[in-house]
Amino acid sequence: MGKEHSIELRNVTKTYKRDEFTIPVLTDLDLVVPEGEFLALMGPSGSGKTTLLNLIAGLDNATQGSVIVHGQDLGGMSDGEITRWRSENVGFIFQLYNLIPVLTAFENVELPLLLTNLSKRKRRDNVMTALRAVGLEGREDHYPRQLSGGQEQRVAIARAIVTDPFLLVADEPTGDLDRKSAEEILSLLQQLNKGFNKTIVMVTHDPEAAQRASRLLHLDKGKLVHDEVRNNLEEGVASS
Amino acid sequence: MIPLKYNVRNLRVRWVNTLLTMLGTGAIVWSSCILFGLVEGLQHSMKVSGDPLDVIVMRKGSTSETNSGIELTTAEKIPTLPGIARDEKGRPLAALELLNIPVVERVDGSRTNLIIRGIDPVSTELRPDFKILEGQGRMLEPGKGECVVSKNLAKRFKGASLGSELKVGEREKYRVVGIFSAGGSAAESEIWVDRKELEQNTAREGITSSVQVRANSAEDLAALKQTIENDTQFKLAAISESAYFADQSRSSAFLIVAGTIIAVLLTIGAMFAAANTMYAAIRSRTREIGTMRALGFSRFDLLISFLGESVILCTLGGLLGLAATIPLSALTYGTSNFNTFSEVTINFRFGPIVMAVAFVMTLAMGVFGGLFPAIRAVRMDVITALREV
């Protein structure tokens, strides 16, 4: 499997069991995402976009079909293996930031590095680089409650990129932000995609946020209904 | 690994819950430490009471000095035997002693049996830790109706304080001329009077309870025991002092068993308190747990983290409980010796048993109290946990 196809889903079906009922969430889905793509997933509630994101991020398993990410078939991995794989390959950005409230910005960003063998000094360098990249240098000793929503999401992005993963997954990253902060976060994601060649998969309800992506997928009732490759990346960066 | 500061700061953030759990576990460690501190005090008193070169001579078949009786004419021959150590004045270190166990009134009006020991002048030499407390009078003089009282008893019995007159039954009364300590040994549960006076007051002339003997050496000790036990003129029991007091401390075995059962039950109760706190902690941090799992922390990392938090919580409580026992180092507890049915006083002792009890209880509370909540945390489905608001 070449790495030019960063993510490859083949005949993926995902169902959930509720009592005696089997509920289909994704049905026979095929998808190829090249490396360095910024993909936006849209669709109504219950269309399966977050489930698709979770499959790509290694948080969930497909009921049928295969999910191959960066050359690795996620279906055949044990819980321990996939946990380690996530720590090395995926950066997570959540709608509600999911920062640890009792840890400072620095300590939150440092968390994923505690799973590596880096020295304390190297960890510090990496954390400060990540905080600088999201424009939060000087805020490293602040606790989440001392930051605005936009700043919290920046810390979360710094935490997502600090281990230099190839893939960033973002679940409604601007869903809890005002328009100005949302624009800033989206610009930051575009910069990470363009400047550092990060593959980004973003779930969003916001059409304006989706405009920043290089490709737009629409899901409905567990199926891909629209796939649009956009060429507005330069425009998006320019407008930020 | 998840950093320890994550757990410590969470305990600080939930300080009300943390404090309440600390107080609960602390109270349990405290009460168990008191119990085991008294057991340790009892065992210590028996341990320090025995010198390896000392023997107690008693009637054969006697289980303690209180039910032993030796004819005075026989007992008086023992100090003349060879191999007995001598003091600076050249007196043989062999003391005839007579025990009486009258009923005496405590300061609170209750009554109990108490050991009154009739001693010879060399009796004090046989107890190297014996001393009259500074500013607390002097040693008794034979034939003057005087007594010395242990510091543990002076405050507990009517007429036992310095300068008072101690009345025992109809005929006996003694003036308290000194208060003594004896290094925490069994003598600290006794009142000492002149043996010959006690003989007369209790109408037990011609008899003594025991002879305390110190040998010159281990070889002399063996020879002395051989003579006393087998020579036809004696045919008495010569028991090494350490073995005698070890036997006397059997009553502490009951306390240890009872104390252990109580401590185990209390610890189980405290485990539920710790578990309750940890369940609440984990419930309120579900999304954090999901986030850490998503970031790549393993189930084992989380298990260790939450177990560690529970152990820290209980350790804080345990330290609080231990610290609360420090003011109790002056605690003296009176109970009955099951062999002699007389009052025995025990000083609370903060030693290895207390430390071990506190350590084991704290660890058990922390580990078992935190185990099930921690297992619940590690078994959480990541996606469900991440959805928690």
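Just so you know, these numbers use all the heavy atoms, side chains as well, and skip hydrogens, waters and symmetry mates. In the text below, chain A, chain B and the rest are named by the order of the sequence lines, each starting its count at 1.
- Contact residues of residues 1-19 of chain B toward chain A are Met1(B), Pro3(B), Lys5(B), Tyr6(B), Arg9(B), Asn10(B), Val13(B) (heavy-atom distance under 4.5 Å).
- Shown here for Asn108(A) and Ile100(A), the closest heavy-atom pair between the two residues is OD1-N, 2.7 Å.
- Across all their heavy atoms, Leu219(A) and Leu41(A) have their closest contact at CD1-CD2, 3.9 Å.
- Annotation: side chain of Leu52(A) is in contact with side chain of Leu29(A) (closest heavy-atom distance under 4.5 Å).
- Using a 4.5 Å cut-off between heavy atoms, Tyr143(A) contacts chain B through its side chain alone, with no backbone atom that close.
- Contact check for Leu114(A) versus Arg123(A): side-chain heavy atoms found under the 4.5 Å cut-off.
- The part of Glu107(A) that comes within reach of chain B is its side chain, from C-beta onward, which places non-hydrogen atoms under 4.5 angstrom from that chain.
- Contacts between residues 354-383 of chain B and chain A, defined by a heavy-atom separation under 4.5 Å, are made by Val382(B), Ile383(B).
- Proximity of a side-chain donor or acceptor of Ser119(A) to a complementary backbone N or O of Lys122(A) within less than 3.5 Å is detected.
- Atom NZ of Lys151(B) sits in a crowded spot, with more than 12 heavy atoms from other residues, nucleotides or ligands closer than 6.0 Å.
- Neither the backbone nor the side chain of Asp171(A) comes within less than 4.5 Å of any heavy atom of chain B.
- Heavy-atom pairs under 4.5 Å with chain A peak, among Arg287(B), Met292(B), Arg299(B), at Arg287(B).
- Between Leu386(B) and Gly290(B), the shortest heavy-atom contact is CD2-C, 3.6 Å.
- Looking at Leu96(A), the atoms closer than 4.5 Å to chain B (heavy atoms on both sides) sit in the backbone and in the side chain alike.
- Heavy-atom distances place no part of Arg285(B) under 4.5 Å from chain A, backbone and side chain included.
- Counted within 6.0 Å of CZ on Phe196(A), heavy atoms from surrounding residues, nucleotides or ligands total 12 or fewer; the atom is thus considered open.
- Using a 4.5 Å cut-off on side-chain heavy atoms (C-beta onward), Phe36(B) and Thr260(B) make contact.
- The contact between Asn54(A) and chain B is made entirely by side chain atoms (from C-beta outward), counting heavy-atom distances below 4.5 Å.
- When all heavy atoms are compared, the tightest approach of Gln151(A) to Leu136(A) is O-CD1, 3.4 Å.
- Within the 4.5 Å cutoff, no side-chain heavy atoms of Pro165(A) are placed close to those of Glu88(A).
- Neither the backbone nor the side chain of Phe300(B) has a heavy atom closer than 4.5 Å to any heavy atom of chain A.
- When all heavy atoms are compared, the tightest approach of Val12(A) to Ala62(A) is CG1-CB, 3.9 Å.
- Lys14(A) places no side-chain N or O within 3.5 Å of a backbone atom of Thr51(A) that could act as its donor or acceptor partner.
- Of the possible polar contacts, none joining the Arg10(A) side chain to the Ser66(A) backbone as a donor-acceptor pair under 3.5 Å is found.
- For the set Asp79(A), Leu103(A), Val90(A), Asp60(A), the entry with the most heavy-atom pairs within less than 4.5 Å of chain B is Asp79(A).
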